[in-house]
Every structure is written in C-alpha cells, then in structure tokens.
Amino acid sequence: MKRRRRQQEKGAPKWMVTFSDMMTLILVFFILLFSMSVVDAQKFRAISESFQQRQVFEFFPSAIEFENPSEEFGEEFPNPFDEGGFSEEGSNTDEVDMDELLEEVQEFLEVNEMNDVISATRDDRGVVLVLQERTLFETAEAELLDSAEPFLEKVGTLLSAIPNMVKVEGHTDSRPISNFRYPSNWELSGARASSVIRYLVETNDLDPKRFIATGYGDTRPVVPNTTVENLQMNRRVVIVISDPTHSEEDAF
C-alpha cells in the first residue's frame, strides 16, 4: 500500500507571520512612548549642530566656512585658527560663554602682538576692546592714520570669525572743540566711531547691519580730565562685542 505524500504548504512558515506581528507591535509600542514623551528641543538642536557644523570657537559656531584658512587670512597676518588663536569647537550663539570669549580674544591679541595698542576686558555688555586715540587719529581729526590700518585689519579678522553684534563708541576729553567740520565733541566722537566701522566693514566684507556707531563726546570719562595723561586715556574708541544673552538696552 502506497503512502500518501504530505503536501508541503506554500509561502512563509507560520512562525514567521507570528514573529512579524510581534515586531510590528513592538515598533508601535516605542512610537507611542516617543509620542508621549517631551523632547527638549534646545538640547536636541545643540546635539544635532555639534555633529553637523564646523566651529570656530569652543562656544561659538562658525559664521564663515573656511576651506583653506591660510588663503583667507594670507601670510601677512597670523591665522587665528593656528595654535594660540581661536579653537574650532563650539555650539550656539544662545549658549555663549563670554568669559571664554574674553580669553580667546586676549590670546588673539597676544599672538598678534596687539596688547600695546588694544586692551580687552569683560563687562555686562560683552567683551570690550579699547583703542587709544593716538593709535588711530590725529588730534581733533576723524580720519584714520595709515599706521592704524594694520591692527584694525586684524580686528576685522577677529570680528569676521564671529556673528556677534558690535558697537563702536567714540569718546573725547573735556577740552572744547569748534571748527567747520566738528562744531563740538559730539560730532568728533561720532565721526571717529563711524570711521572705524567703515574701515572694518569695507576691508573685511562684514555685514554693516552688525554694527552700531555712537559718539559720547566727553560724557563718559574713565578718569578725571585733570592731567595730560588722563586726557589721553579719555580720548579713545571702544569696540563692544556684545553678549547675545543681554537685551539691546543692556548691551547698547
């Protein structure tokens, strides 16, 4: 008597159907868990940018993508991306550590041998660079000296690497001035601030919308106008790299 061969079933084995159903249920379960959770959007964005963006500072994103930094800065000026300059890691402008920015700026000034002409400090407004009048202008003039251009170019290199708003302030001493171009210290201080901004913008192709020019005249002396040395200290141009965590009123 011949045995009847058992007919084999076509298609996937039955266990595979059960396994597929189980995996689908697990997937739906995790989707539901994710949909019910609260995602910290700011942290997620920071993590995402850390993998996607090329950075300039340890706390700042790069505003400009440099394919070859040596070509961008040229051989005349030290490259801030080299040792002793700015680091390449960073995050978001909303997470700026201005104390670290100050350290980076001070190191930049030291590497570029600019400590004799520019000082860098920190206050509530941000990082403050102070340039004395004698390094920029003739007395009672607002036209930049030729000797001021080399280190202003380096300041422009610094500003081109960061996206911060920048305020440039002109300050004078208390001695009155009156001529056909500058009827008072107000006009002179404002013209000096504008001259510095115009040079920075034109020579470094910076966005003019980032800058604010202000002339304070003799209303904000740092020392009493009682000696020749004090008068010299009060005649200055101040560049404020603003802290984005402060409001415009606080910064400017």
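Just so you know, these numbers come straight off a predicted model, no measurement behind them. One is the number of the first residue; the rest follow in order along the sequence.
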S.K.: Search all heavy atoms of P150 against all heavy atoms of D146 and return the closest pair with its distance.
M.R.: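 Distance-wise, the nearest heavy atoms are CD-O, 3.5 Å.
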
S.K.: Answer yes or no: does atom CD of E110 have more than 12 heavy-atom neighbours from other residues, nucleotides or ligands under 6.0 Å?
M.R.: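 It does not: E110 CD has 12 such atoms or fewer within range.
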
S.K.: side-chain contact (heavy atoms from CB on, under 4.5 Å) between E107 and E103: does it pass, once the steps are laid out?
M.R.: CA-CA 6 Å; E107 186 174 356; E103 292 179 5; over 6 Å; no

S.K.: Any side-chain to backbone donor/acceptor pair from N230 onto P224? Under 3.5 Å, distance only.
M.R.: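 Such a contact is found between N230 side chain and P224 backbone.
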
S.K.: Taking the side chain as every heavy atom from C-beta outward, state whether L159 and I241 have any atom pair closer than 4.5 Å.
M.R.: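 The answer is yes, as the side chains (C-beta and beyond) meet within the 4.5 Å cut-off.
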
S.K.: Say you draw a straight line from CD of E229 to OG1 of T226; how long is it, rounded to the nearest 0.5 Å?
M.R.: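 These two atoms lie 9.5 Å from each other.
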
S.K.: Is any side-chain heavy atom of F137 less than 4.5 Å from a side-chain heavy atom of V237?
M.R.: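 A side-chain contact under 4.5 Å exists here.
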
S.K.: Do L136 and Y182 sit in the same hydrophobic cluster, where Ile, Leu, Val, Met, Phe, Trp and Tyr count as joined when their side-chain heavy atoms come under 4.5 Å apart?
M.R.: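 In one cluster with L136: Y182, no.
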
S.K.: Under a 3.5 Å distance rule, please check whether S184 uses its side chain to pair with a backbone N or O of W186 as donor and acceptor.
M.R.: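 Yes: the side chain of S184 pairs with the backbone of W186.
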
S.K.: According to a hydrophobic-cluster definition based on side-chain heavy atoms being under 4.5 Å apart (Ile, Leu, Val, Met, Phe, Trp, Tyr only), do V228 and V222 belong together?
M.R.: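 No, separate clusters.
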
S.K.: Check whether any side-chain heavy atom of R235 sits under 4.5 Å from a side-chain heavy atom of Q132, and report yes or no.
M.R.: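 When only atoms from C-beta onward are counted, Q132 and R235 do not touch, as no gap falls below 4.5 Å.
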
S.K.: Has S242 got a side-chain atom pairing as donor or acceptor with M165's backbone, closer than 3.5 angstrom?
M.R.: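 Yes; judged by distance alone, with no hydrogens or angles, the pair exists.
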
S.K.: Step by step, would you call D218 with R175 a salt bridge (charged side-chain N to carboxylate O under 4.0 Å, His left out)?
M.R.: CA-CA 8 Å; D218 61 348; R175 296 177 300 175; over 6 Å; no

S.K.: Measuring from L152:CG to T203:OG1, what's the distance to the nearest 0.5 Å?
M.R.: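 One gets 7.5 Å once the value is rounded to the nearest 0.5 Å.
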
S.K.: Give the minimum heavy-atom separation between D243 and D124, together with the two atoms involved.
M.R.: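 What the structure gives for the nearest pair is CB-O, 4.3 Å.
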
S.K.: Dump the intermediate steps for salt bridge (charged side-chain N to carboxylate O under 4.0 Å, His left out) on E169 and R125, then the final yes or no.
M.R.: CA-CA 13 Å; E169 305 171 349; R125 299 175 299 169; 2.6 Å; yes

S.K.: Does N185 offer a backbone N or O that forms a donor-acceptor pair with the side chain of T172 under 3.5 Å?
M.R.: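 Answer holds: no.
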
S.K.: Which residues satisfy the side-chain hydrogen bond (donor to acceptor under 3.5 Å, both in side chains) test with R181, sequence neighbours excluded?
M.R.: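 Counting only residues at least two positions away or on another chain, R181 forms a side-chain hydrogen bond (donor to acceptor under 3.5 Å, both in side chains) with E141.
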
S.K.: With heavy-atom distances below 4.5 Å as the criterion, would you say the side chains of M114 and V155 are in contact?
M.R.: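 Yes. Closest side-chain heavy atoms under 4.5 Å.
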
S.K.: Compare every heavy atom of I177 with every heavy atom of N179, then report the nearest pair and how far apart it is.
M.R.: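 Looking at all heavy atoms of both residues, the shortest contact is ND2-CD1, 3.8 Å.
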
S.K.: Would the distance check show the side chain of T157 and the main-chain N or O of E153 forming a donor-acceptor pair, the cut-off being under 3.5 Å?
M.R.: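 Flag set: sc T157 to bb E153 pair under 3.5 Å.
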
S.K.: For D207, give me all partners under side-chain hydrogen bond (donor to acceptor under 3.5 Å, both in side chains), at least two apart in sequence or on another chain.
M.R.: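 For D207 there are no side-chain hydrogen bond (donor to acceptor under 3.5 Å, both in side chains) partners, ignoring immediate neighbours.
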
S.K.: Is it true that I162 and F151 fall in one hydrophobic cluster, defined by side-chain heavy atoms closer than 4.5 Å?
M.R.: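 Yes; F151 is reachable from I162 via cluster members.
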
S.K.: Between V201 and P208, what is the shortest heavy-atom contact and its length?
M.R.: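 For V201 and P208, the tightest heavy-atom pair comes out as CG1-CG, 3.9 Å.
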
S.K.: Quick one, L129 and I118 - any side-chain contact, counting heavy atoms below 4.5 Å?
M.R.: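 Yes, close enough: below the 4.5 Å cut-off.
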
S.K.: Grab the two heavy atoms, one from A142 and one from A191, that are nearest each other, plus how far apart they are.
M.R.: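 Closest approach of A142 to A191, heavy atoms only: CB-CB, 3.6 Å.
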
S.K.: Using 0.5 Å steps for rounding, measure from the OG1 atom of T139 to the CZ atom of R134.
M.R.: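 If we round to the nearest 0.5 Å, T139:OG1 and R134:CZ are 11.5 Å apart.
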
S.K.: For D116, is the CG atom crowded, meaning more than 12 foreign heavy atoms sit under 6.0 Å from it?
M.R.: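 No - once you tally the heavy atoms of other residues, nucleotides and ligands closer than 6.0 Å, there are 12 at most.
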
S.K.: Any side-chain heavy-atom pair from H171 and R236 closer than 4.5 angstrom?
M.R.: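 They are in side-chain contact.
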
S.K.: Enter the distance from S174:OG to L231:CG here, rounded to the nearest 0.5 Å.
M.R.: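 Result: 6.0 Å between the selected atoms.
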
S.K.: Within the 4.5 Å heavy-atom criterion, are K167 and T214 side-chain neighbours or not?
M.R.: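 Yes, at least one pair of side-chain atoms sits under 4.5 Å.
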
S.K.: Determine whether L144 and V166 fall in the same hydrophobic cluster, where Ile, Leu, Val, Met, Phe, Trp and Tyr are linked whenever their side-chain heavy atoms lie under 4.5 Å apart.
M.R.: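 Yes, one cluster joins them.
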
S.K.: Can you tell me if CG on D123 sees more than 12 non-hydrogen neighbours from other groups inside 6.0 Å?
M.R.: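 Yes, the 6.0 Å shell around CG holds more than 12 heavy atoms from other groups.
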
S.K.: If I take atom OG1 from residue T24 and atom CZ from residue F19, how far apart are they, to the nearest 0.5 angstrom?
M.R.: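 Spacing of OG1 (T24) from CZ (F19) equals 10.0 Å.
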
S.K.: Below 4.5 Å, heavy atoms only, C-beta onward: do P244 and N164 meet side chain to side chain?
M.R.: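 Yes; the side chains approach each other to less than 4.5 Å.
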
S.K.: Check the pair V196 / R192 against side-chain contact (heavy atoms from CB on, under 4.5 Å), numbers first and verdict last.
M.R.: CA-CA 6 Å; V196 170; R192 286 179 168 179; 5.9 Å; no

S.K.: If Ile, Leu, Val, Met, Phe, Trp and Tyr residues are connected whenever their side-chain heavy atoms lie under 4.5 Å apart, and connections chain through other members, are L158 and L102 in the same group?
M.R.: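 In one cluster: yes.
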
S.K.: Could you give the distance from CZ (R220) to OG (S189), rounded to the nearest 0.5 Å?
M.R.: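 Reported value, rounded in 0.5 Å steps: 11.0 Å.
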
S.K.: Mind listing the closest non-hydrogen atom pair of G156 and L200 along with its distance?
M.R.: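 Taking every non-hydrogen atom into account, N-CD2, 3.8 Å.
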
